[in-house]
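See structure below.
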Amino acid sequence: MSPAKAEQVKLTAGLLNSLSSGTILAAIVAPYIGMGMGTLNPQSDLLNLTALSGLGFVIGIVLHLVARRSLLDLED
């Protein structure tokens, strides 16, 4: 693999990892902001709140794993 291609793989993995961090952070923080602003009622929307937070967390983990997987090509 050429050095330029290796650098492209590293940059892509870094971007995916940053997107992963942002997705997980938004999935955790956004519900609290909604509750604080009064737009989200935690008593009636607990299932939706848990499901959406869980979905965001899973998407973030998947993005992180894709980033890690793309770096495996650099070991050759």
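Here the structure is a predicted model, which means the values were calculated and not measured.
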Subject >> Connected hydrophobic set around L52, excluding itself, where side chains approach under 4.5 Å >> reply: none
Original post:
Applying side-chain hydrogen bond (donor to acceptor under 3.5 Å, both in side chains), which residue pairs with at least one partner in residues 55-67 are found, sequence neighbours left out?
Top reply: N17-H64
Original post:
Under 3.5 Å, side chain of T23 to main-chain N/O of G60, donor-acceptor pair present?
Top reply: no
Please list every donor-acceptor pair under 3.5 Å in which a side-chain atom of residues 27-40 meets a protein atom from a residue at least two apart or in another chain.
unit_1	atom_1	unit_2	atom_2	d
T39	OG1	G34	O	3.3

**OP:** Report the residue from S18, S20, S21 that forms a side chain to side chain contact (heavy atoms under 4.5 Å, CB included) with L63.
**Re:** S20
**OP:** Treat each ILVMFWY residue as a node, draw an edge where side-chain heavy atoms are under 4.5 Å apart, and state whether L74 and V66 are in one component.
**Re:** no
Subject >> Hydrophobic cluster membership, L16 vs I61, 4.5 Å side-chain cutoff >> reply: no
Subject >> Nearest-0.5 Å distance that lies between atom OG in S70 and atom CG in L65 >> reply: 11.0 Å
Just to verify, what does [X] make a side-chain contact (heavy atoms from CB on, under 4.5 Å) with, not counting sequence neighbours?
X	answer
L55	I59
Q8	K5
A26	none

